[in-house]
Protein chains: 2
Amino acid sequence: METVQRPMRADARRNYERLLTAAHAAFAEQGTEASLEEVARTAGVGIGTLYRHFPTRRALLEAVLHDSLAGLDTRARELLGSGSPGEALLEWTRHLMAHVTVYRGLAATLMSSFDDPASELYGACERVRVGGDALLASAQRAGAVRDDVTGADLTKLVNAVAWAGEHCDDDTAERLLTLVMDGLRAGNRRS
Amino acid sequence: METVQRPMRADARRNYERLLTAAHAAFAEQGTEASLEEVARTAGVGIGTLYRHFPTRRALLEAVLHDSLAGLDTRARELLGSGSPGEALLEWTRHLMAHVTVYRGLAATLMSSFDDPASELYGACERVRVGGDALLASAQRAGAVRDDVTGADLTKLVNAVAWAGEHCDDDTAERLLTLVMDGLRAGNRRS
DNA sequence: ACCTGAACACCGTTCAAGT
DNA sequence: ACCTGAACACCGTTCAAGT
């Protein structure tokens, strides 16, 4: 769904940009639950202006993350052509982990947007899932991954591990990802 | 660490009990982030009384969940003697899922308590992990589960799946648990 | 020893008034 | 068309005053 961008008044555009910058800084520092009042303050803008541009916290997050999550889709398509499909999937999975852990709390926000078409992040989640779907299908055709896993399963599992990683040291997060991804290999199906 | 219970004044004890009941109701209805003021109101008690008995939200949660989580440990020991160690582990895992999903938000609270000795829920998490450890070791000796998984890994993974399940339908949660548990079987080790 | 609730601090969100 | 900030609602937490 392409949104047509009407031109913004110069001051509005400047405020919009400032809000994005301030939001990124706040999210990076305090996680996705950072105070929106502080974001507005840092941007040098009234709180009402923040709400005018971004009616919800998710809308703000979407704007801040848009390029990053779109890049994940691009990366999926690049990897699709490369060498071993199994390896490509693993590589993409690590990219996904990295993107989902840029802000503390992001995994939770994404997870709650995944099946909620009303969320401003739903579209972004969809694109991620589609990218994963393609790589997954390719790995399944190559017999590298059990064939009853879906892109949604994969994305949710990685998200869940990323979330768990917020409460562990990095080593543990890495271990958990390995356990899960090893476990998705073909031949592991029991039930 | 056994805490010696000094006898409470009759009114204090009554308030304590009322708070537990009200808290359970509130957590069940609104999740672990339920308003503590409302808990106090429902219990017919001043907010200060709630804080006197339970200095933190976690302390209140611990009191409400104590028996339930202790039961999980008991269940682990019962299952330890029963038939197939692999099946016993799976069975216990399902119990764990059920316990961790009684309140929305509980998985998150437990996860953040898991490696934090300062949390009032740390002890409860420890007991759960120990129960899992025993069943896991037994399943590993039987060659049913890959031998590089720890009880902490298992508990964290199940917790992560339970958390994911809060944002999915029950079928999906069940699927994810199956994928993870199948994946822990012996012979899946790659890296 | 225990309880109460006012007081303080903080935040999200809306909207009337301004430019 | 856009911005501002006061106003409202709500919550967590502490603590002086009471019994």
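Please read all numbers here as calculations on a predicted model, not as lab measurements. Labels below follow one simple rule: chain letters A, B, ... track the order of the sequence lines, proteins then strands, and each chain is numbered from 1. When reading the values below, keep in mind they use all heavy atoms of this one structure, side chains included, and skip hydrogens, waters and symmetry mates.
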| request: Let me have a per-nucleotide readout for nucleotides 9-15 of chain C, 5' to 3', with B, S or -, counting only protein heavy atoms under 4.0 Å. | output: --BBBBB

Do [Y] and [X] meet the salt-bridge criterion of a basic N to acidic O distance under 4.0 Å?
| X | Y | result |
| --- | --- | --- |
| B/Arg175 | B/Asp171 | no |
| A/Arg129 | A/Asp115 | no |
| B/Arg13 | B/Glu17 | yes |

Find the distance [X]:[atom1] to [N]:[atom2] and express it as a whole number of Å.
| X | N | atom1 | atom2 | answer |
| --- | --- | --- | --- | --- |
| A/Phe54 | D/dC3 | CZ | C1' | 15 Å |
| B/Arg14 | C/dC3 | CZ | C1' | 11 Å |
| A/Arg13 | D/dA1 | CZ | C1' | 15 Å |
| A/Asp11 | C/dG18 | CG | C1' | 14 Å |
| A/Tyr16 | D/dA1 | OH | P | 18 Å |

| Are the side chain of B/Trp163 and the backbone of B/Thr101 linked by a donor-acceptor contact shorter than 3.5 Å? | no

| Polar side-chain atom of B/Asn159 near backbone of B/Lys156 as donor-acceptor pair, under 3.5 Å | no

| said: Using a 4.0 Å cut-off on heavy atoms, which residues in residues 104-112 of chain B reach DNA chain D? List them by number, or say none. | reply: none

| Is B/Asn15 near enough to C/dC2 that one of its side-chain N or O atoms lies under 4.0 angstrom from OP1 or OP2? | no

| Is the phosphate of C/dC3, meaning OP1 or OP2, less than 4.0 Å from a side-chain N or O of B/His53? | yes

| message | Whether the B/Thr172 and B/Asp169 side chains hold a donor-acceptor pair (N or O, under 3.5 Å, no angle test) is what I'd like checked. | response | yes

| query | For D/dC8, which nucleotide in any strand shown is its Watson-Crick or wobble partner with both distances under 3.5 Å? | reply | C/dG12

| said: Going by purine N1 to pyrimidine N3 plus the second Watson-Crick contact, or the G-U wobble pair, all under 3.5 Å, which nucleotide sits opposite C/dC2? | reply: D/dG18

| remark: By nearest-nucleotide position on DNA chain D, the 5'-leaning member of B/Arg9 and A/Thr49 is A/Thr49

| message | For B/Ala186 versus B/Gly143, what's the shortest heavy-atom pair and its separation? | response | CB-O, 3.3 Å

| task | Could you give me the CA-CA distance, side-chain angles and deciding distance for A/Ser112 and B/His167, then say whether side-chain hydrogen bond (donor to acceptor under 3.5 Å, both in side chains) is met? | result | CA-CA 6 Å; A/Ser112 75; B/His167 309 276; 4.9 Å; no

| Is the B/Phe54-B/Tyr16 ring centre distance short of 6.0 angstrom? | yes

